[in-house]
Amino acid sequence: MTIEQTQQQIIGEFSIFDDWMEKYNYLIEMGKDCPIIETQYKTNNYLINGCQSRVWLHASFDGNIVHFSADSDAVITKGIVNLLIRVFSGHSPEEILKSDTTFLDQIGLKEHLSPTRSNGLLSMVKQMKLYAQIFQLKANQQVNE
Amino acid sequence: MTIEQTQQQIIGEFSIFDDWMEKYNYLIEMGKDCPIIETQYKTNNYLINGCQSRVWLHASFDGNIVHFSADSDAVITKGIVNLLIRVFSGHSPEEILKSDTTFLDQIGLKEHLSPTRSNGLLSMVKQMKLYAQIFQLKANQQVNE
Amino acid sequence: MEKKLPFDIRAVRLQFPALDQLVYNKPFVYLDNAATTQKPRVVIDRVKAWYELENSNIHRGVHYLSQQGTIAFENARQTVANFINSKSSREIIFTKGTTDSMNLLASSLGKLLVKEGDSVLVTGMEHHSNFVPWQQLCVERKANFLVAGITENGEVDLDHYTELLEKKPKIVSIAHVSNVLGTINPIEEMIRLAHVYDIPVVIDGAQSICNQKIDVQALDCDFFAFSGHKMYAPMGVGVLFGKEKWLDAMPPYQFGGEMVNQVSIDETSFNVLPFKFEAGTPNVSAVLGLESAINFIETIGNVSIAAYKDQLIQYALQRLAEVKGIKFIGNPVHRASVISFLIDEIHPYDAGMIIDKLGIAIRTGHHCAQPIMERFGIPGTMRASFAMYNTFEEIDIFVAAVKKAAIMLS
Amino acid sequence: MEKKLPFDIRAVRLQFPALDQLVYNKPFVYLDNAATTQKPRVVIDRVKAWYELENSNIHRGVHYLSQQGTIAFENARQTVANFINSKSSREIIFTKGTTDSMNLLASSLGKLLVKEGDSVLVTGMEHHSNFVPWQQLCVERKANFLVAGITENGEVDLDHYTELLEKKPKIVSIAHVSNVLGTINPIEEMIRLAHVYDIPVVIDGAQSICNQKIDVQALDCDFFAFSGHKMYAPMGVGVLFGKEKWLDAMPPYQFGGEMVNQVSIDETSFNVLPFKFEAGTPNVSAVLGLESAINFIETIGNVSIAAYKDQLIQYALQRLAEVKGIKFIGNPVHRASVISFLIDEIHPYDAGMIIDKLGIAIRTGHHCAQPIMERFGIPGTMRASFAMYNTFEEIDIFVAAVKKAAIMLS
Ligand SMILES: Cc1ncc(COP(=O)(O)O)c(C=O)c1O
Ligand SMILES: Cc1ncc(COP(=O)(O)O)c(C=O)c1O
């Protein structure tokens with residue numbers, strides 16, 4: 001599935017919710033479910049400090065595809081972290097760099113990515129893009145060598 | 001004439017004025033007229049610093065009576081200085097200490113003695129009272145000796 | 001819910017326009033009063049009237065509006081002096097807020113008193129604004145920064161405090177009321193203990209000023225700081241009370257404007273109190289708004305307000321205790337109108353988001369008081385804080401919301 | 001008096017409620033705009049709306065009003081950044097006013113750059129707020145305080161300035177427009193000259209911000225400071241623009257609140273720009289009022305306003321020249337909307353009192369710029385200063401009043 005397709009899928013999933021409570025319940029479920037980062041990466045080195053909640057992010061690159069894993073200490077934040085991972089992980093740096101996060105607007109969660117939230121999510125997205133950029137650079141260098 | 005009588009006299013003089021312009025003209029005349037301090041006292045030692053206009057005040061005491069002389073660099077201020085000298089100079093410390101400056105209210109010049117004016121006049125009145133107090137103390141000491 | 005109320009709450013609420021609105025289509029419940037209070041109509045109108053008719057730059061102006069403005073401004077200073085029973089309006093310095101007041105002190109009183117090897121004493125429950133300025137002063141001066149411990153109940157460990165006083169710190173600075181725990185510190189006693197060694201005591205009154213009658217002479221504190229915006233007044237104004245002998249001895253903090261007396265290229269002399277500490281054009285509108293807020297508080301009555309808020313707190317504590325898994329952070333014997341709590345392992349940010357969606361404003365996080373978070377080993381709390389206009393019904397709505405959040409999140 | 005006007009003055013005047021009143025039963029004429037300007041309806045309403053509906057403490061709050069307030073506050077910061085064409089809103093620090101901005105710089109930039117034996121350069125026409133902070137910094141650091149001379153016309157002596165630059169001062173701080181003389185300094189040139197030696201230049205823009213379009217990138221100044229209240233905005237807010245590289249390198253000024261990142265008993269780390277320099281609860285209402293004032297100015301147009309004020313100034317100069325014995329203090333080639341003058345030996349305070357009684361607000365005294373008074377050997381001046389809402393008719397009334405005062409006093 002492409003990034004765009006995953007985003008459309010998520011928009012579809014959220015379209016059945018009538019109100020914020022159902023949405024939040026879904027986020028909470030998603031937040032609870034998954035151990036989405038290996039404990040060895042849940043350290044200060046991988047910490048993105050929001051003032052309200054904290055996010056850990058790890059990225060790896062096999063030469064073609066970027067893999068992200070992440071976690072948060074707050075469960076709703078973690079639910080959104082989970083969505084972001086589902087969308088962006090497993091794609092090439094190019095794909096990640098040319099896509100955006102407007103799907104969060106469409107499912108009514110835009111506010112969580114506001115710079116005023118200080119929950120670490122906005123910084124997480126920036127950090128993911130940065131990783132993609134670095135990996136792209138690396139890949140290009142290898143090609144040129 | 002007692003302090004009270006001089007004050008009543010001044011109130012009488014001002015009662016004939018219809019508006020502020022006539023009053024100010026009168027103050028200006030009074031301000032221009034008199035060289036009311038000897039030049040030897042027009043120095044920083046005798047200066048009362050208002051931010052807007054400056055006042056010099058000198059006081060002497062002959063054992064019974066206090067003599068004040070004063071000056072200002074602004075002519076309207078000097079007009080009021082002149083009124084204050086006319087009222088308070090030539091009286092005993094006791095008389096000076098028990099009298100007040102409400103006559104200025106009655107002739108509509110109260111605002112000039114406001115702490116917000118910073119024209120030196122309020123400080124001048126305070127200083128005159130202080131002199132009277134010191135002279136009274138001196139006189140009492142001499143009596144007690 | 002019928003209780004005997006010391007004043008007509010409904011009538012008071014009507015004075016606060018911001019309370020009468022819907023948030024997410026739900027009646028707005030404002031329980032973030034320790035962060036800032038809402039403003040009564042009289043305060044809003046006072047600010048408006050200033051700009052509509054009176055506005056001018058005060059002090060030193062000969063013209064009518066400037067004169068009238070100066071008189072109004074200085075009257076407001078006297079109102080503040082009376083409000084906290086200071087001896088003279090010369091002891092009242094207008095600042096930007098408590099933070100500004102504390103930074104003024106750390107700089108100016110610091111210059112006067114603190115040298116290498118000296119020490120400064122605060123407590124472990126201070127707001128950053130009464131912690132970091134002193135800490136940084138100590139770093140700069142190579143002085144020792146002493147921090148009195150906090151007990152499990154969230155009270156200052158008075159034994160530890162007394163012990164630290166024996167090190168003869170040059171300055172003691174303590175919160176009257178903790179903005180996290182709600183603890184009312186026994187500052188009379190703490191001041192008395194410090195004065196045994198002639199140590200000046202600074203009181204951070206940001207949270208106490210609208211919780212009880214303050215009498216700086218009875219307290220005998222050397223300094224007392226508070227913010228207008230936490231006592232129904234506009235933003236942008238705070239007060240620093242200081243005993244005249246200290247303020248006289250202290251060097252100025254900021255330079256320029258009214259605080260200057262004579263300036264030449266070679267030297268400058270400074271104005272008398274209180275102007276010496278007020279550099280630049282003052283925020284007249286906010287100062288006049290503060291005066292209106294004081295009049296508003298005094299009309300209702302400090303004692304009545306305190307009594308009512310105490311009823312609210314007791315009721316809120318009792319109702320919150322129903323919530324399964326709730327843990328209060330701090331159980332002080334004397335509590336002002338602040339309650340911090342956690343529920344089981346639920347992250348306060350999660351709960352806060354859900355409570356927000358129900359139209360209720362509470363605060364979550366470390367409340368600018370990380371040392372006390374560290375003390376209790378927690379990342380933050382949920383905090384509800386009350387003002388004279390809150391009601392028992394609002395507490396019911398709030399407790400229901402907390403329960404709902406707890407269910408959703410566990 | 002018919003002139004071609006760049007906008008509808010009558011319509012603009014109607015926006016300013018304070019102009020429409022009687023003082024001593026005479027139509028109020030406000031010519032003290034360099035001290036503070038009156039506020040348009042939109043600004044007053046913006047402040048009111050904040051307190052009526054939006055009021056909350058911003059940053060870090062999860063609840064709705066706090067979020068909305070934070071967004072509004074940060075949007076206002078962006079509006080300011082655009083207004084002066086700074087690269088990023090990170091370069092915009094909200095302060096109390098110009099004086100606060102200058103004290104922040106003297107302390108923080110002073111700590112970064114000025115050591116014993118170094119020097120700091122200002123001019124002889126500075127307002128005390130851009131003079132005394134640097135002078136006192138130099139006293140504290142045992143540094144040299146250099147003051148560029150002023151010519152008889154009231155302009156900076158550029159030869160002297162260039163000469164002093166050769167002493168390689170660590171900081172240069174100069175007024176864009178003199179609040180006494182009205183002189184518009186050639187700051188582009190002065191900045192360029194200082195940058196030859198890589199010296200950072202601070203511009204005191206208190207009097208220029210509402211006189212012309214400011215473009216900090218085109219000017220290439222390192223810092224630019226101004227006050228809201230002198231540009232139709234509320235009291236209690238100022239701006240300090242600084243190039244990011246400088247702000248990043250500078251230590252914080254005040255501590256507490258939002259400017260803190262992590263605090264423990266042992267150490268503290270600070271927030272990123274611009275928050276690093278904003279300690280304590282900000283004055284949100286005034287910041288939003290400032291944004292409204294900027295929108296108001298931009299709707300009418302900076303260029304139109306400047307053009308109109310220039311017409312006013314030329315007309316006032318021409319009409320005042322009729323007054324027997326008048327002496328202008330400063331005859332700069334480039335003048336912003338300020339005129340200082342004296343008449344024969346008449347004391348400005350005397351004249352000011354009479355002009356006041358005629359319902360006209362001008363300022364008399366040293367205008368917090370004693371060094372320039374000393375330079376010209378005068379105790380003070382009468383000063384008229386103009387804003388976008390003043391009219392030619394008001395100048396006629398004013399000149400008639402000056403003549404009347406001159407007659408009464410000579
Ligand atoms: C105890 C305490 N001290 C200081 C402050 C800082 O006040 P301000 O932000 O108004 O400067 C606060 C406000 O949060 C507080 O609660
Ligand atoms: C040139 C100049 N600089 C600085 C200031 C100080 O501004 P504020 O009093 O708003 O801090 C003024 C205001 O009088 C001024 O005219």
Side-chain angles (χ1 to χ4, degrees), chain A residues 14 17-37 42-44 46-56 70-84 104 107-124, chain C residues 22-26 32 35-36 127-129 132 179-180 325 340-374 376-383 397 400-410:
Chain A
F14 272 78
F17 299 136
D18 286 334
D19 62 9
W20 69 269
M21 269 235 305
E22 294 182 2
K23 245 184 254 175
Y24 273 47
N25 274 328
Y26 186 66
L27 285 176
I28 292 165
E29 284 321 304
M30 274 196 301
K32 276 189 213 154
D33 267 9
C34 3
I36 38 181
I37 199 167
K42 212 170 154 178
T43 65
N44 278 347
Y46 298 90
L47 180 63
I48 292 165
N49 228 333
C51 162
Q52 290 276 353
S53 60
R54 297 187 293 174
V55 169
W56 293 263
D71 199 358
S72 172
D73 57 349
V75 70
I76 297 175
T77 306
K78 194 168 161 185
I80 300 169
V81 161
N82 201 353
L83 290 179
L84 290 168
L104 285 174
I107 59 177
L109 296 178
K110 181 184 164 193
E111 63 193 68
H112 293 270
L113 236 65
S114 149
T116 67
R117 277 280 169 178
S118 70
N119 54 11
L121 283 172
L122 186 66
S123 308
M124 171 178 165
Chain C
L22 299 178
V23 164
Y24 305 118
N25 257 321
K26 302 200 171 57
D32 193 20
T36 200
H127 186 279
H128 291 165
S129 295
V132 186
N179 69 313
V180 175
S340 266
F341 61 96
L342 287 171
I343 305 166
D344 285 330
E345 299 304 303
I346 294 174
H347 195 290
Y349 180 61
D350 287 322
M353 274 191 289
I354 289 169
I355 292 169
D356 167 54
K357 286 283 184 196
L358 295 164
I360 302 160
I362 63 164
R363 192 144 289 234
T364 64
H366 56 56
H367 318 295
C368 292
Q370 289 175 18
I372 196 75
M373 299 297 132
E374 212 174 292
F376 285 102
I378 52 179
T381 74
M382 288 168 256
R383 181 186 76 180
I397 296 171
V402 172
K403 289 180 180 170
K404 186 161 192 165
I407 290 168
M408 280 178 73
L409 289 162
S410 46

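Per chain, numbering begins at 1; letters A, B, ... match sequence-line order.
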message = Please classify the contact between A:Ile28 and chain C as side chain, backbone, both or neither, with a heavy-atom cut-off of under 4.5 Å.
response =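 When you check distances to chain C, only side chain atoms of A:Ile28 fall under 4.5 Å.
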message = If I measure from the heavy atoms of chain A, does C:Leu409 come under 4.5 Å with its side chain, its backbone, both, or neither?
response =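 When you check distances to chain A, atoms from both the backbone and side chain of C:Leu409 fall under 4.5 Å.
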ask   = So, do A:Met21 and C:Met408 sit near enough that their side-chain heavy atoms are less than 4.5 Å apart?
value =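 In short, these two side chains touch, coming nearer than 4.5 Å.
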message = With a 4.5 Å cut-off on side-chain heavy atoms, are A:Tyr24 and C:Asp350 touching?
response =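 Side-chain contact under 4.5 Å: no.
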Is it the case that over 12 heavy atoms from other parts of the model lie below 6.0 angstrom from the [atom1] atom of [X]?
{"X": "A:Asp19", "atom1": "CG", "value": "yes"}
{"X": "C:Lys404", "atom1": "NZ", "value": "no"}
{"X": "C:Lys26", "atom1": "NZ", "value": "yes"}

query = How close do A:Trp20 and C:Leu358 get, heavy atom to heavy atom, and via which atoms?
reply =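 Minimum heavy-atom contact is CZ2-CD2, 3.8 Å.
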key: Closest non-hydrogen atom pair between C:His347 and A:Ala74, with its separation   =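 Here C:His347 and A:Ala74 meet closest at CG-CB, 3.7 Å.
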ask   = Any idea which of A:Leu27, A:Asn25, A:Thr77 has the most non-hydrogen atom pairs under 4.5 angstrom with chain C?
value =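 That would be A:Asn25.
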